[in-house]
Amino acid sequence: MTKTIFTDKPDDYGYFDLGNGLADVIIRQFDHEETDTEGNRVYIYNTNEFRVGKNVITKAMVAENPFKYLDYVVQKPVSDSARLNALENAFLELSENLLK
């Protein structure tokens with residue numbers, strides 16, 4: 001989550017269909033107002049942006065409760081080498097237990 005500054009109050013969320021099965025989602029929760037150095041009122045928001053499969057999080061889901069996704073984090077896929085290392089470690093542990 002990051003802080004963002006706006007000169008006009010934005011919508012609580014944006015859901016942008018990318019046309020390839022993915023969507024960019026932006027969640028904005030109002031935090032407070034400030035006055036900038038030139039005397040203009042600005043609005044500070046807590047913001048989360050992420051890309052997700054449209055089948056994982058739909059526009060309707062976000063519209064129903066946008067702030068549910070304020071802390072949403074997209075899980076990064078596990079690399080092949082990390083998966084292989086985990087498999088090797090599990091195999092070694094299992095082998096050691098069988099030999100006891």
Side-chain angles (χ1 to χ4, degrees):
M1 182 174 20
T2 59
K3 296 282 186 188
T4 51
I5 300 171
F6 296 91
T7 55
D8 295 316
K9 289 187 174 186
D11 294 332
D12 289 340
Y13 71 92
Y15 190 96
F16 306 96
D17 184 342
L18 300 177
N20 61 356
L22 300 173
D24 282 341
V25 181
I26 303 172
I27 308 298
R28 302 177 199 93
Q29 183 182 47
F30 178 74
D31 190 46
H32 66 279
E33 289 181 22
E34 290 183 7
T35 303
D36 68 13
T37 55
E38 297 174 3
N40 300 311
R41 183 181 309 177
V42 294
Y43 305 97
I44 311 301
Y45 280 77
N46 296 313
T47 304
N48 187 19
E49 299 181 35
F50 54 91
R51 181 168 290 167
V52 68
K54 294 187 320 179
N55 60 337
V56 175
I57 298 177
T58 65
K59 186 173 185 176
M61 292 165 66
V62 174
E64 182 178 318
N65 185 4
F67 303 127
K68 174 180 177 180
Y69 303 98
L70 191 58
D71 295 317
Y72 185 83
V73 176
V74 175
Q75 299 297 321
K76 294 184 180 179
V78 178
S79 69
D80 288 341
S81 62
R83 290 174 56 193
L84 182 58
N85 285 338
L87 184 59
E88 287 175 347
N89 290 336
F91 179 76
L92 289 173
E93 185 177 317
L94 181 62
S95 296
E96 290 171 1
N97 288 334
L98 289 175
L99 295 175
K100 288 182 181 179

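The structure presented is a predicted model; accordingly, all values stated were derived computationally and were not measured.
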Taking atom CD1 as the centre, does I44 end up with more than 12 heavy-atom neighbours from other residues, nucleotides or ligands that are less than 6.0 angstrom away?
yes
If the condition is salt bridge (Lys or Arg N to Asp or Glu O under 4.0 Å), which residues does E33 pass it with, not counting sequence neighbours?
R41
Go through the structure and list residues passing salt bridge (Lys or Arg N to Asp or Glu O under 4.0 Å) with D17, not counting sequence neighbours.
K54
Residue pair D36 / T7, side-chain heavy-atom distance below 4.5 Å:
no
Looking only at heavy atoms, what is the nearest atom pair of R28 and P10, with distance?
CD-CG, 3.5 Å
Could you report the tightest heavy-atom contact between F16 and I26, atom names first, then the distance?
CE1-CD1, 3.8 Å
Under a 4.5 Å side-chain heavy-atom rule over Ile, Leu, Val, Met, Phe, Trp and Tyr, are I27 and V56 clustered together?
yes
Spell out, yes or no, whether F50 and Y13 are grouped together once hydrophobic residues are joined by side-chain heavy atoms under 4.5 Å, including indirect joins.
yes
S81: what forms a side-chain contact (heavy atoms from CB on, under 4.5 Å) with it, not counting sequence neighbours?
S79
So, do Y72 and V52 sit near enough that their side-chain heavy atoms are less than 4.5 Å apart?
yes
Without placing hydrogens or testing angles, list every side-chain donor-acceptor pair under 3.5 Å for residues 63-71, not counting sequence neighbours.
none

Quick one: sort the F30 and Y43 rings into parallel, tilted or perpendicular, breaks at 30° and 60°.
tilted
Can you tell me how far the OG1 atom of T2 sits from the CG atom of N46, to the nearest 0.5 Å?
8.5 Å
side-chain contact (heavy atoms from CB on, under 4.5 Å) involving L18 - partner list, sequence neighbours excluded
N20, L22, D24, R51
Between I57 and M61, the two heavy atoms sitting closest are CA-SD, 3.9 Å
Applied to residues 3-12, the salt bridge (Lys or Arg N to Asp or Glu O under 4.0 Å) test, sequence neighbours excluded, yields K3-D31
